Engineer: 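Sending over a structure as structure tokens; questions will come in a sec.
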Amino acid sequence: MISILIPTYNRNCFALAAELSRQLVEGDIQGEVIVMDDGSTNLYCKTENKKISTLPLCRYIEQERNQGCELTRQALAKEAKHDLFLFVDADTFPKDKNFVANYIKASRDNFAVSGGLLYRKSNGMTKISPLRYVYGKYVESHSASWRRAHRPTLVFGGNFVVTRYIFEKVSLDGASSSYGYEELLISKAISDANVKLCHIDNPVYHDDDQTSEQFLSKTRCAVENLSRHAVEYYDHSRLLQFHIIMERLGLCWFFARMFRMLSFAMERNLKSKHPSVILFQLYKLGYYCCISRL
């Protein structure tokens, strides 16, 4: 009935796999959990994750080299036995004890379902950085009703269900091992299939353990990745839409120049204990203006 697919890189996700395994067994749900390691370099994580194969209905697969989330999800789909895919990121954990059952119920009448994200400052093991927490809480963590009203076509993060039919429409032209905006691949595939995305309140906690400095570095990488897909992802990215507006107003060059002058000061705030979400959004836009003019 359902294949739960988890790409992981240098992340111990045994507890996540164990919880999903428990839900399948106790809910008498026909399904499987497949965790695929994307060429991790952390030996501790790899050792712990190998234990996943001992769990009921679970498989653990290692890739020899890092391919990136996009290609790893494709590899997971090829391994899946069932035609309903539940993608969950390795650094998340379900809020609801009936997480899998909730998705199965919602998927009876829908080809694609997005459950949402939640953030907590500490999960008992890791402490999320101030920038990651503030950005996640105010930009990514929204109820189903908010998502339906404001971002109806966008899959939010690593917590969603799609059918095999939809996922096979994901285009990997130009795919790389770079981080960032992978959810737009799924969002575009759903739109291309003329299927309505269903939003429900079935969130996972996103327990990201990056420092603010690491998050900023990955954000720049993500913006660069987005720039390579600007045309096809325009309808699903507000950053791209704002950039086009600035180009039409002839302001992109000015904003790029100001970013080069002020980026150090901006980063000082973003790495502080009280980062500004608005400043972070301007930081991403400024960086995009810079690289789009190279």
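Note that this is a predicted model, so its numbers are computed, not measured.
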Engineer: Between Phe259 and Phe255, does the ring centroid distance fall short of 6.0 Å?
Structural biologist: no

Engineer: Under 4.5 Å between side-chain heavy atoms, counting indirect links through other Ile/Leu/Val/Met/Phe/Trp/Tyr residues: same cluster for Phe14 and Tyr44 or not?
Structural biologist: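 The answer is no; the residues belong to distinct hydrophobic clusters.
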
Engineer: If you define the side chain from C-beta out and look only at heavy atoms, does anything of Leu216 sit under 4.5 Å from Arg220?
Structural biologist: yes

Engineer: If we ignore hydrogens and angles and just use 3.5 Å, is the side chain of Ser3 paired with the main-chain N or O of Glu32 as donor and acceptor?
Structural biologist: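 It does not hold such a pair.
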
Engineer: Please determine if Asp37 and Lys50 form a salt bridge, counting it only when a charged side-chain N lies under 4.0 Å from a carboxylate O.
Structural biologist: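 Salt bridge: no.
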
Engineer: I'd like to check the side-chain hydrogen bond (donor to acceptor under 3.5 Å, both in side chains) partners of Ser227; sequence neighbours left out, ordered by chain and number.
Structural biologist: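 Listed in chain order: nothing, the list is empty.
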
Engineer: Is Tyr205 isolated, or which residues cluster with it under the ILVMFWY side-chain rule of less than 4.5 Å, directly or via members?
Structural biologist: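 Members alongside Tyr205: Leu118.
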
Engineer: Pairs in or reaching into residues 93-117: which pass salt bridge (Lys or Arg N to Asp or Glu O under 4.0 Å), with residues at least two apart or in two chains?
Structural biologist: none

Engineer: Any donor-acceptor pair under 3.5 Å linking the side chain of Asn49 with the backbone of Cys13?
Structural biologist: yes

Engineer: Pick out which of Leu57, Leu76, Ile6, Ile4 makes a side chain to side chain contact (heavy atoms under 4.5 Å, CB included) with Ile34.
Structural biologist: Leu76

Engineer: Distance-only, no hydrogens or angles: does the Asn110 side chain make a donor-acceptor pair with backbone N or O of Val113 under 3.5 Å?
Structural biologist: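 No; judged by distance alone, with no hydrogens or angles, the pair does not exist.
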
Engineer: Could you check whether any side-chain N or O of Asn159 sits under 3.5 Å from a backbone N or O of Gly116, counting only pairs where one atom can act as donor and the other as acceptor?
Structural biologist: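 Yes; at least one donor-acceptor contact below 3.5 Å.
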
Engineer: Do you reckon Met261 sits in the same ILVMFWY cluster as Met246, going by side-chain contacts under 4.5 Å, direct or chained?
Structural biologist: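 In one cluster with Met261: Met246, yes.
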
Engineer: Given 3.5 Å as the limit, does a donor-acceptor pair link the side chain of Asn12 with the main chain of Cys45, or not?
Structural biologist: no

Engineer: Using 0.5 Å steps for rounding, measure from the CD1 atom of Ile200 to the OG atom of Ser145.
Structural biologist: 13.0 Å

Engineer: Verify, without hydrogens or angle tests, whether Asn269 (side chain) and Ser276 (backbone) share a donor-acceptor contact under 3.5 angstrom.
Structural biologist: yes

Engineer: Are any non-hydrogen side-chain atoms of Val204 and Phe99 less than 4.5 angstrom apart?
Structural biologist: yes

Engineer: Is the Phe85 ring parallel, tilted or perpendicular to the Phe167 ring (thresholds 30°, 60°)?
Structural biologist: perpendicular

Engineer: Got a second to check how far Asn42's CG is from Thr47's OG1, nearest 0.5 Å?
Structural biologist: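 The OG1 atom of Thr47 is 8.5 Å from CG of Asn42, to the nearest 0.5 Å.
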
Engineer: Given 3.5 Å as the limit, does a donor-acceptor pair link the side chain of Ser217 with the main chain of Gln214, or not?
Structural biologist: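 Not confirmed, Ser217 side chain does not pair with Gln214 backbone.
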
Engineer: Determine whether Lys284 and His243 make a side-chain contact, defined as any pair of heavy atoms from C-beta on separated by less than 4.5 Å.
Structural biologist: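 Lys284 vs His243: side chains apart.
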
Engineer: Measure up the Phe280 and Tyr283 rings against each other and bin them: parallel (under 30°), tilted (30 to 60°), perpendicular (over 60°).
Structural biologist: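 Rings of Phe280 and Tyr283: parallel, as their planes differ by under 30°.
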
Engineer: Considering residues, nucleotides and ligands other than Glu213, do more than 12 of their heavy atoms fall under 6.0 Å from its CD?
Structural biologist: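 No, CD of Glu213 has 12 or fewer neighbouring heavy atoms, counting only those of other groups under 6.0 Å.
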
Engineer: Please check if Phe264 and Tyr287 belong to a single hydrophobic cluster, counting links between Ile, Leu, Val, Met, Phe, Trp and Tyr side chain heavy atoms closer than 4.5 Å.
Structural biologist: no

Engineer: Taking only residues two or more places apart in sequence, or in another chain, which ones meet Lys51 in a salt bridge (Lys or Arg N to Asp or Glu O under 4.0 Å)?
Structural biologist: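 Here the qualifying residues are Glu48.
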
Engineer: Side chains of Gln23 and Glu19: any donor to acceptor distance under 3.5 Å?
Structural biologist: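 A donor-acceptor contact under 3.5 Å links the two side chains.
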
Engineer: Kindly indicate whether the side chain of Val33, heavy atoms from C-beta on, has any atom under 4.5 Å from the side chain of Leu55.
Structural biologist: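 No, every pair of side-chain atoms sits at 4.5 Å or beyond.
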
Engineer: Please round to the nearest 0.5 Å and tell me the distance separating atom CZ of Arg11 and atom CG of Asp208.
Structural biologist: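 Answer for the CZ-CG pair, Arg11 versus Asp208, is 7.0 Å.
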
Engineer: Which pairs pass salt bridge (Lys or Arg N to Asp or Glu O under 4.0 Å) with one or both residues in residues 142-153, sequence neighbours excluded?
Structural biologist: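 For residues 142-153: Arg147-Asp201.
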
Engineer: Indicate yes or no: at least one non-hydrogen side-chain atom of Ser114 is less than 4.5 angstrom from one of Leu197.
Structural biologist: yes

Engineer: Does the side chain of Ser292 come within less than 4.5 Å of Cys252's, by heavy atoms?
Structural biologist: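 A side-chain contact exists here, since the closest heavy-atom pair is under 4.5 Å.
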
Engineer: With sequence neighbours left out, write down each residue that passes salt bridge (Lys or Arg N to Asp or Glu O under 4.0 Å) with Asp89, or none if nothing qualifies.
Structural biologist: Arg73

Engineer: Ignoring hydrogens, what is the shortest heavy-atom contact between Asn10 and Ser40? Give both atom names and the distance.
Structural biologist: N-OG, 2.7 Å

Engineer: Are Arg120 and Ile128 side-chain neighbours, meaning at least one heavy-atom pair lies under 4.5 Å?
Structural biologist: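 SC-SC contact between Arg120 and Ile128 ruled out.
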
Engineer: Strictly distance-based, threshold 3.5 Å: is any side-chain N or O of Ser141 a donor or acceptor partner for the main-chain N or O of Gly136?
Structural biologist: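 Looks like no, no N/O pair under 3.5 Å.
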
Engineer: Using modelled atom types and a 3.5 Å cut-off, is there a donor and acceptor pairing between side-chain atoms of Ser107 and backbone atoms of Tyr103?
Structural biologist: yes

Engineer: Can you tell me how far CG of Leu20 sits from SG of Cys58, rounded to the nearest 0.5 angstrom?
Structural biologist: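 Rounded to the nearest 0.5 Å, the SG-CG separation comes to 8.0 Å.
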
Engineer: For the side chain to side chain donor-acceptor pair (under 3.5 Å) test, which of Thr41, Thr72, Asp38 pairs with Asn66?
Structural biologist: Asp38

Engineer: Do the side chains of Phe156 and Glu183 get nearer than 4.5 Å, heavy atoms only?
Structural biologist: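 Not touching, per the 4.5 Å side-chain cut-off.
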
Engineer: Hydrophobic clusters here meaning ILVMFWY residues chained together by side-chain heavy-atom distances under 4.5 Å, can you tell me if Ile278 and Leu262 are in one?
Structural biologist: yes

Engineer: Flag yes if Tyr9 and Ile52 sit in one hydrophobic cluster, no otherwise; membership is Ile, Leu, Val, Met, Phe, Trp, Tyr, and two members link when side-chain heavy atoms are under 4.5 Å apart.
Structural biologist: no

